[in-house]
Structure formats: C-alpha cells, structure tokens
Amino acid sequence: NKAMLWWLHIAVITSGSVFLWELYLDTRQIRIQRDHRCPEQLKGIINEENFFKISDWNLQRLQLGRIENTVGFIFECIVLYYGWLEVLYRTASTHFFHPLVLLISKLNQWGVPTFILNENNVRGVMFILLISLLSTTVKLPIELYRVRVLDKVQIRTWLIDQAKAFTASVIFGVPILSMTLNLIDWDLPYQWLVTSFFVAFVALGFSDLYAEFLAPIFDRITLLDDASDKETELKGEVKKLCCKAFIPLSDVYKIESTSETTAHSNAFLMGFGWKRIVVYDNLIAHMSTSEILAIIGHEIGHYKFNHLWKKLVTQLFFVGNFIFLFNGILRDEDFFKSFGFQHPDTAVGLILFSYLYGSPACIAKMGTNWMSRRFEFKADAFAASLGLNMRDALTKLYALHNVANIMPDRLYSLYHYSHPSLHERLQRLDTIRSDESKKDN
C-alpha cells in the first residue's frame with residue numbers, strides 16, 4: 001500500500017536532512033582546519049608547530065568521521081528500504097526470546113523479582129540490543145583505524161574498554177530500558193509525564209552515583225591522601241577554597257585513570273548536601289595547584305548557579321516532548337506497516353520514531369548546547385571572581401585533552417560541543433577583565 005509508505009519516506013528524508021546538515025558543518029570546519037595559521041589570540045599560548053600538528057590531526061579525524069557518517073547513512077537507508085529491521089525483530093523473537101523467557105521463569109521460581117524485565121518487553125530489549133550491535137559492527141573497521149592510526153591506542157586496550165562499556169550498559173541499561181518500556185506500555189494517567197520524570201530521575205541519579213558505581217569499572221578511585229607534597233597542598237587549598245565559597249565539603253577524591261582510551265583531565269562535584277570533589281590524576285600530574293584550584297572553582301560556579309538542575313529541567317522538557325509525540329503515534333498500525341511490521345510494538349516504535357525525530361533532535365541539541373555554553377562562561381566568570389587564574393588553567397586543560405575544540409568554526413562548535421572553544425573562553429575572560437578595569441578607573 002503506497003499510502004502507508006509515506007512514514008518510511010519521511011524517515012529517510014529526515015535522516016537525509018540531518019546527514020546533509022552535518023556534511024555542511026564538516027565542510028565549514030575542514031576549511032578552518034586547512035588554514036594552519038595560528039590565530040593572533042592564541043599566539044604565545046600554542047606555538048606554530050604544535051598548532052599545525054593539532055590542525056592536521058583534527059583534519060584527519062574530520063575526514064574519517066565524514067566517511068563513517070556516509071557509510072552509516074547509506075546503511076541506514078538500506079536497512080529501512082529493504083525491511084531489515086523486521087528481520088532483526090524476528091531474529092530477536094526466534095533465537096533470543098524463548099531462552100530469556102525460560103531464564104525469567106527460573107528467576108521467578110527462585111524468588112528473584114523480575115517485574116521490570118518480563119515477557120512483554122524482553123523481545124523489545126533484545127531487538128534494541130541487536131540494532132546497537134549491528135550498528136557498531138558496521139562502523140567497526142573505521143573505528144579501529146581511528147583508534148590505532150590516529151589516536152595511537154593499542155587495539156587490545158580499546159577492546160577491553162569496549163567490553164567493559166558493553167557490560168556496564170547491559171547491567172545498568174537493560175533494567176532501565178525495560179522499566180521505560182513498561183512505563184510506556186502501562187495505561188497510567190499522564191503516562192508520558194511519568195515516563196519523562198523517570199528518565200530525568202535516572203539521569204540525575206547516575207550523575208550522582210557515577211564515582212561509586214560507574215567510574216570504578218574503568219578507573220580506580222581513592223581518597224586524595226598525603227602520598228606527595230603536591231597532593232597534601234592541593235587537599236588543604238581545596239578545603240580553603242570551599243570555605244571561601246561556602247561549600248560544605250565532605251572529602252576530596254582522586255580518579256587514577258587505568259585506560260589509554262578513557263584518559264581525562266578534569267574535576268567535578270558530586271553529592272546532595274555535603275559535596276565530594278573528584279579530581280583526575282592527569283590533572284594533578286600536569287597542572288599546578290593554582291591551575292587545579294581554578295578548575296575546581298569553575299565547577300563550584302556550576303553548583304552555585306544551579307546549572308545541574310537547570311539542565312535537568314531542560315532535559316525533562318525535551319524528553320517529555322519526545323515521549324508525548326511518540327505516544328501519539330504508538331498505536332498507529334499504518335505507521336508500523338510502513339516499515340514492514342504488522343503490529344504495534346513499543347520497542348520497535350521507539351526505534352522507528354527516532355528516525356522521524358532526527359531533525360527536531362538537531363534543533364534541541366543546538367539549543368541545549370547554547371544553554372550549556374552560557375553556563376560555562378558564567379562558571380568561568382565565577383572562578384575569576386574568586387581571584388583564580390582561569391586563563392592559564394583553561395590553556396593547560398585544552399592543551400592536555402581537548403585539542404579538537406581549540407578554535408572550531410562557530411556553527412560547528414555550537415552543534416557538536418557543549419563547551420565553548422578555548423578561543424571563545426579566553427575572549428570572554430579578557431572582556432570581563434577589561435570591564436573590571438573600566439569600573440576601577
């Protein structure tokens with residue numbers, strides 16, 4: 001029935017518009033990366049030779065990413081037009097459904113509660129996992145080239161990290177996904193709003209429990225102790241800074257990175273009420289105490305201005321919008337038949353609707369990035385108001401692990417990065433300092 005296929009055509013057009021938009025942004029960014037001249041604002045911070053190396057590395061990653069996205073888009077079109085999603089669904093039903101149903105029955109007999117993973121949604125969970133594995137497999141050769149050739153990381157190390165990430169996603173993600181499917185299926189009053197609050201609650205919980213449960217999968221977390229003079233000094237200065245900013249501090253922790261592929265240089269605050277400050281060991285190894293304090297002062301600024309809660313409300317709005325619109329189409333049989341499915345299914349519907357939601361998702365992404373970038377400027381200003389040297393701290397931080405975002409195209413940066421570029425942040429700090437000098441005069 002050709003009348004039914006219009007949903008399929010809309011999905012492909014939406015995916016194609018996102019692909020072309022990202023291609024346009026990549027073209028703008030490639031033009032900047034090919035101009036290897038170091039901007040005036042960054043001279044004296046990054047020398048010409050290093051800037052050339054950074055630009056060349058970014059250019060190679062952009063070009064490889066363009067190939068990856070093109071392959072992904074072509075594969076997506078083939079999957080949609082040839083009905084491969086329905087084949088995957090039957091595979092999940094035939095080869096994985098019955099063994100898992102038997103496992104759930106056994107767990108129930110042993111008294112293990114399995115209400116969030118029941119027979120009604122186990123097929124959907126397996127379907128989503130299969131799609132994820134298939135997508136990863138298609139892009140695997142390109143990803144291996146990026147890891148080994150561009151990032152100079154051992155394949156064995158990368159595979160171990162991927163195995164850990166997959167295990168964590170199964171342990172934590174499957175129950176959450178299953179519960180989300182249950183909430184969508186249950187006929188609750190304002191069901192879309194209940195589901196949205198659940199997703200937002202999970203996001204908030206994971207942000208707070210990250211250090212205890214997720215980070216140890218990849219890294220080792222310990223209390224910042226007196227192992228060295230620098231750590232002793234840092235711990236004392238952090239306590240003073242928290243007193244100055246009126247932050248109730250519980251303790252200071254250190255993350256010892258054990259992976260080449262998950263190395264970070266950052267710090268963050270955690271916890272409700274009494275705060276825990278977590279600092280990555282790379283930060284301690286490569287930055288001075290004053291620079292680390294500036295980074296922590298920046299994070300305190302996020303806490304002072306309630307940026308986490310504002311982001312949570314924004315996330316709740318966009319998630320609620322997605323689920324509200326999805327509910328309007330969930331029982332439409334013509335929608336599912338357009339993609340080769342005979343009956344509505346919640347998990348299938350989530351995947352199919354995500355194709356339709358591509359363009360609105362791009363707009364939402366730019367909106368949240370714009371808001372996040374404003375928060376970063378405000379947190380920088382707060383740290384500077386405490387007398388901390390944010391300029392040197394940012395320069396060192398970007399030089400360590402954020403070389404892709406030193407000076408990107410403005411539109412490209414707004415779409416892809418939640419943080420402003422180094423160039424933009426230094427400009428804003430210079431403006432603040434100039435305004436303060438005028439007030440003093």
Side-chain angles (χ1 to χ4, degrees), residues 1 3-22 72-73 75-90 92-93 120-135 173-174 176-188 190-200 202-203 314-368:
N1 188 344
M4 292 181 183
L5 291 178
W6 74 288
W7 285 114
L8 174 62
H9 298 323
I10 290 174
V12 173
I13 291 170
T14 301
S15 296
S17 65
V18 174
F19 171 75
L20 292 174
W21 167 247
E22 293 181 349
F73 174 66
F75 180 74
E76 195 174 275
C77 291
I78 293 172
V79 166
L80 289 175
Y81 272 118
Y82 286 91
W84 286 10
L85 288 177
E86 198 273 335
V87 175
L88 279 176
Y89 186 73
R90 281 191 281 111
S93 302
N120 293 328
N121 59 36
V122 66
R123 183 191 288 111
V125 171
M126 290 309 307
F127 172 65
I128 293 174
L129 285 176
L130 278 177
I131 290 177
S132 177
L133 286 173
L134 181 62
S135 176
V174 167
I176 293 170
L177 175 60
S178 184
M179 188 63 191
T180 303
L181 294 176
N182 276 330
L183 287 172
I184 294 174
D185 283 335
W186 293 340
D187 189 18
L188 300 171
Y190 298 102
Q191 169 265 337
W192 64 273
L193 189 59
V194 174
T195 308
S196 302
F197 271 106
F198 169 74
V199 173
V202 168
T314 305
Q315 183 182 39
L316 180 63
F317 171 79
F318 286 119
V319 170
N321 178 64
F322 176 90
I323 296 175
F324 178 77
L325 294 175
F326 172 61
N327 272 348
I329 209 171
L330 180 58
R331 309 304 174 193
D332 187 343
E333 290 195 6
D334 287 347
F335 170 70
F336 287 88
K337 288 179 180 178
S338 181
F339 297 90
F341 295 90
Q342 297 306 310
H343 305 287
D345 182 274
T346 304
V348 172
L350 277 175
I351 297 296
L352 299 180
F353 187 70
S354 65
Y355 289 116
L356 296 177
Y357 200 72
S359 295
C362 285
I363 297 171
K365 180 181 178 180
M366 292 187 73
T368 53

Discussion item. Tell me every residue that passes side chain to side chain contact (heavy atoms under 4.5 Å, CB included) with Leu316, counting only those two or more places apart in sequence or in another chain.
Written reply: Ser196, Phe197, Ala200

Fill in: Non-neighbouring partners of Phe127 that pass ring pair (Phe, Tyr, Trp, His ring centres under 6.0 Å), sequence neighbours left out
Tyr89

Worksheet, complete the sentence: For Phe324, the ring pair (Phe, Tyr, Trp, His ring centres under 6.0 Å) test, sequence neighbours excluded, returns Trp192

Worksheet item: Can Val199 and Ile176 be said to form a side-chain contact (heavy atoms from CB on, under 4.5 Å), step by step?
Response: CA-CA 8 Å; Val199 173; Ile176 293 170; over 6 Å; no

Item to complete: Calculate, to the nearest 0.5 Å, the distance between atoms CG and CH2 belonging to Leu134 and Trp84 respectively.
Response: 8.0 Å

Discussion item. How long is the straight-line distance from CG of Leu8 back to CZ of Phe339, given to the nearest 0.5 Å?
Written reply: 5.5 Å

Worksheet item: What pairs with Leu330 under side chain to side chain contact (heavy atoms under 4.5 Å, CB included), at least two apart in sequence or on another chain?
Response: Ile184, Phe326, Asn327, Phe336, Thr346

Discussion item. What's the separation between atom NE2 in His9 and atom CG in Leu80, rounded to the nearest 0.5 Å?
Written reply: 11.5 Å

Worksheet item: Taking Ser135 for the side chain and Ile131 for the main chain, is one N or O donor matched with an acceptor at less than 3.5 Å?
Response: no

Worksheet entry | Whether over 12 other heavy atoms sit under 6.0 Å from Tyr81 OH | yes

Worksheet entry | Closest non-hydrogen atom pair, Gly340 against Glu86 | O-CG, 3.2 Å

Discussion item. If the condition is ring pair (Phe, Tyr, Trp, His ring centres under 6.0 Å), which residues does Tyr355 pass it with, not counting sequence neighbours?
Written reply: none

Worksheet item: Are the side chain of Thr368 and the backbone of Lys365 linked by a donor-acceptor contact shorter than 3.5 Å?
Response: yes

Worksheet entry | Partners meeting side chain to side chain donor-acceptor pair (under 3.5 Å) with Ser359 (sequence neighbours left out) | Ser17

Fill in: Any residue meeting side chain to side chain contact (heavy atoms under 4.5 Å, CB included) with Leu325, in chain and number order, not counting sequence neighbours
Asn321, Phe353, Tyr357

Discussion item. Please report the interatomic distance CG(Asp332) to NZ(Lys337), rounded to the nearest 0.5 Å.
Written reply: 10.0 Å

Discussion item. Counting C-beta onward and ignoring hydrogens, is there a side-chain heavy-atom pair between Phe341 and Leu352 closer than 4.5 Å?
Written reply: yes

Response to the item:
Applying ring pair (Phe, Tyr, Trp, His ring centres under 6.0 Å) to Phe198 and not counting sequence neighbours gives none

Discussion item. Could you go through Ser15 and Phe73, starting from their C-alpha distance and side-chain angles, then the distance that decides it, and tell me whether this counts as side-chain contact (heavy atoms from CB on, under 4.5 Å)?
Written reply: CA-CA 8 Å; Ser15 296; Phe73 174 66; 4.1 Å; yes

Discussion item. Run the side chain to side chain donor-acceptor pair (under 3.5 Å) test against Thr14 and tell me which residues pass, sequence neighbours left out.
Written reply: none

Worksheet item: Nearest 0.5 Å, what's the OG1-CD1 distance between Thr180 and Ile323?
Response: 7.5 Å

Response to the item:
Those residues at least two apart in sequence (or on a different chain) that pass side chain to side chain contact (heavy atoms under 4.5 Å, CB included) with Ile363 are none

Discussion item. Heavy-atom count check: over 12 atoms from other residues, nucleotides or ligands less than 6.0 Å from Phe19 CZ?
Written reply: yes

Discussion item. Checking the side chain of Thr195 only, and the main-chain atoms of Gln191 only, is there a donor and an acceptor separated by less than 3.5 Å?
Written reply: yes

Practice prompt. Evaluate the side-chain contact (heavy atoms from CB on, under 4.5 Å) criterion for residues Ile128 and Leu177: first the C-alpha distance (whole Å), next the side-chain angles of each, then the deciding distance (0.1 Å), finally the verdict.
Written response: CA-CA 9 Å; Ile128 293 174; Leu177 175 60; 3.8 Å; yes

